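Fair warning: this is a prediction, and the values are worked out from it, not measured in the lab. Order of the sequence lines sets the chain letters (A, B, ...), proteins ahead of strands, with each chain counted from 1.
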Amino acid sequence: MTKVLVVDDSAFMRMAIKNILADKDYEIFEAEDGALAVEKFIECAPDIITMDITMPQYNGIDALKQIRTIDGNAKVVMISAMGQEMMVKQALVHGATAFIVKPFKHEQVLQTLAKVAST
Amino acid sequence: MSGQFSDEPMIDVYIFETTQNIEQLEQIILASEKESNFGEAAINEIFRLMHTIKGSSAMMLFNNIATVAHAVEDLFFFLRESKPAQVDCAMLSDLVLSGIDFTKVELAKVKNGDTPDGEATQLMQEIRDFLQLLKQTNFPAAPPPDRTPAPVNQQYYISSDRRTPHLAQNLFKAVIFFEDDCEMENIRAYSIVHNLKEFTSDLHYVPVDIIDNDASVAVIRENGFTILLKTDSDYAEIHKLLNNTAFLKDFELIELADEQEFVTFQTANNLNPMELELKLHEQLAEKVVLNSVPKAPTELKSGVAQSIISVNVDKLDKLMDLVGELVIAEAMVTQNPDLTGLELDNFHKAARQLRKISGELQDMVMSIRMVPLATTFQKMHRILRDMSKRLGKEVTLEIVGEQTEVDKNIIEHISDPLMHLVRNSIDHGIESNQQRLAAGKTAPATITLEATNAGGDVLILVKDNGKGLDQAKILQRAEQHGLLNKPAAEMSDREIYNLIFLPGFSTQEQVTEFSGRGVGMDVVVKNIEAVGGCVLVDSTPGEGTKVTLKIPLTLAIIDGMNIRVGNSRYTLPTTSIKESFRPKPNDIITDPNGNEVIMVRGQCFPVLRLHDLYQVATAMTDFTEGILIMVEQDTSSICLYADELLGQQQVVVKTLPNYIKSLKKITGLSGCTLLGDGSISLILDVGGLLEHVTHQVRS
Ligand SMILES: [Mg+2]
């Protein structure tokens, strides 16, 4: 079972991703901001993290950097939105594995996670 | 409603979260407007909230909501990044509030199961114009507002680690296509370049301007992303690396025979090699990413992890119902007639324990349904802001006791009446600034919203320190509209003031943009009475007006008086009962139309025989045998005739089963309840009975 940590400050977005992964071979953890994401990462050792970018205080890029410092092989998939091109570039430079653009489709999430999990 | 997330829980969460975000936004805007300054924290938060609303709405395919949110987000992106010195705060607030209002209207459609189809073309234009103006005022010398810098040929880079001599044996060409709808193809291309960095000493790509020009997206979609590279890695390695790209639709990797093709490609694409290390790009990216300096996560622990879940109110209603039934079932067991005369010490001990637990359970379920009035009260800030702005009156809002809790179902019914009262107060109660100063008052008037617990009720006060109600004017208007049912001289102050709540009191001349809309204060009373509450008004000329809403804590349980008619049981809310008595034979008069009335202390009241209304067989048809119960609502009263009073008790209100409601409309019933002996009692709706009688008398 692949462990996925879903990080997003929006309960709706977390639920959207959880719904997509439901009934598949995923165990899901959640965090609602960057700081909690780092804590949960240490606590649950997820295989993949889906990381929202815009979050209060400690944003997705900060959390990504922190997580990659803890584990240089951590697989982080950024959940971005149109208009965030520069943030995504920044995330890729800091070791994000892939990124998905909102609004996303079910298959996009499933295929990306499958691909990321297999590498 | 369409979309991939059309299932109900997703819509519920969407509505819940978006509503919350909107409320939060409104509060930040109002606070910033008051200070005439949008601080950094406020700008960041507004940006984030708008961004969240945009994202969720786009996921739900509510594109009009997403578009407006996106426009406001862009505006705050500019404010955040460029920090313009001159910002028209009033105009900015107006714009964002318009955006909020638009979203509220669309959300209401979603709630009703309709498609949010509102057009915001004008608002979008206003937002764009405002952004344009901001740029021109603050940065007149700056280049045109196209945020995309002119493309530079940065397509070429040499590995930063140039001290190691690269043999770079292998030459490859790759053409990559991304999946349709994957978005940000240029960034995906960048990602590939970034990943290849470790494997190559020499790399070229087309289109060249992926970093700076978002228009390169179209080129990549059309022609694919083409890469030429020299590397030590072999075909399999590069193939594997490319193959791992997310959102990859298709790619072609060719090993080139010699450098010739490399050179041809360069010339054909007019590539002008420049030595630019990826570092440069990184710096560029770093510059644009402006978020807070990362801090250690421990310092920033955003409070305790919340262990809060949201529950559908329907489920809570159901739970309440079940607990109500449990309490009754418990009574049926422990007070079972079969037990009389038996010595059952152990049984009674166990029964006491059961009663205690079911009582606690009932209290707990009740408490789950309770929500503080804070959100409802906070909404009034907006009303105040809009009205005082347009009427040119200075008004401050004071809120007291906003943590007071009321049942969720009731809260929904008091928001509109409160809004109406606050509007009315600013519009009619509060004088103009000049009048206030002339009367020796401070120019800023105060409206106070106050909530307190009073037994099983909650009192909500709406107070103003305006001019107070004008008794003479009220009486004059009431008389004009034939609303006086007794001579003015006999009326108490309170009775006179309460005339303003009568249907038909509000007149056309009173109707203004705000408190009017063809709706009078009678709606306030109607809404409050619908939840079993009542409205009182007090006023002191020159000092102000105080309206008191008395509302029950919950709708789920009422204090009821059980009565019997034949073999049927009925329950009356005790709050509506004025008195009960057995009349003398001569007290009853029958009018020429056959309507029965009774004279009590010189006043006539219609009599309604419940056995007639509900066609219940009973032997007690003579008034001297049964009992008359005088009930009141809206200051009008009738007397109900029943066989006997059974006693008072708290009852759990249940709605009538749908199959009964759908069969026919039954007059004067608001629900039903189970009594302790297991029998069903119908809960009478006094307002409905009054209407029935009025109708009968007229026809
Ligand atoms: Mg977010």
Are [X] and [Y] packed together at the side-chain level, in the sense that at least one heavy-atom pair is separated by less than 4.5 angstrom?
| X | Y | value |
| --- | --- | --- |
| A:Arg14 | B:Val13 | no |
| B:Tyr190 | A:Glu85 | no |
| A:Ile100 | B:Glu183 | no |

Problem set entry | For B:Met184 against A:Val88, the heavy-atom pair lying closest together | SD-CG2, 4.0 Å
Problem set entry | Shortest non-hydrogen contact from B:Met59 toward A:Ala16 | CE-CB, 4.4 Å
For this session: Find the one option among A:Gln108, A:Met13, A:Met82, A:Lys102 whose heavy-atom pairs under 4.5 Å with chain B are most numerous.
Result: A:Gln108
Gap separating the [atom1] atom of [X] from the [atom2] atom of [Y], nearest 0.5 angstrom:
| X | Y | atom1 | atom2 | value |
| --- | --- | --- | --- | --- |
| A:Ile53 | B:His51 | CD1 | NE2 | 7.0 Å |
| B:Asp12 | A:Met15 | CG | CE | 8.0 Å |
| B:Cys182 | A:Phe99 | SG | CZ | 7.0 Å |
| B:Met60 | A:Phe12 | CE | CZ | 5.0 Å |
| A:Lys89 | B:Ser191 | NZ | OG | 12.0 Å |
| B:Phe77 | A:Gln84 | CZ | CD | 9.5 Å |

Seminar exercise, completed: Note: vs chain A, highest number of non-hydrogen pairs under 4.5 angstrom among B:Lys54, B:Glu73, B:Glu179, B:Arg48 is B:Arg48
Exercise. Where along residues 111-119 of chain A does a heavy atom come under 4.5 Å of chain B, listed by residue number?
Worked result: A:Gln111, A:Thr112, A:Lys115, A:Thr119
For this session: With a 4.5 angstrom heavy-atom cut-off, could you sort out which part of B:Thr52 is near chain A: side chain, backbone, both or neither?
Result: side chain
For this session: Select one option (side chain, backbone, both, neither) describing which atoms of B:Asp181 are under 4.5 Å from chain A's heavy atoms.
Result: both
Problem set entry | Residues in residues 15-22 of chain B that sit under 4.5 Å from chain A, counting heavy atoms only | B:Glu17
Problem set entry | Qualifying residues under salt bridge (Lys or Arg N to Asp or Glu O under 4.0 Å), relative to A:Lys75, sequence neighbours excluded | none
Under 3.5 Å donor-acceptor pairs involving side-chain atoms of residues 239-251 of chain B, not counting sequence neighbours:
{"from": "B:Thr245", "atom 1": "OG1", "to": "B:Leu242", "atom 2": "O", "distance (Å)": "2.5"}
{"from": "B:Lys249", "atom 1": "NZ", "to": "B:Asp180", "atom 2": "OD1", "distance (Å)": "3.3"}

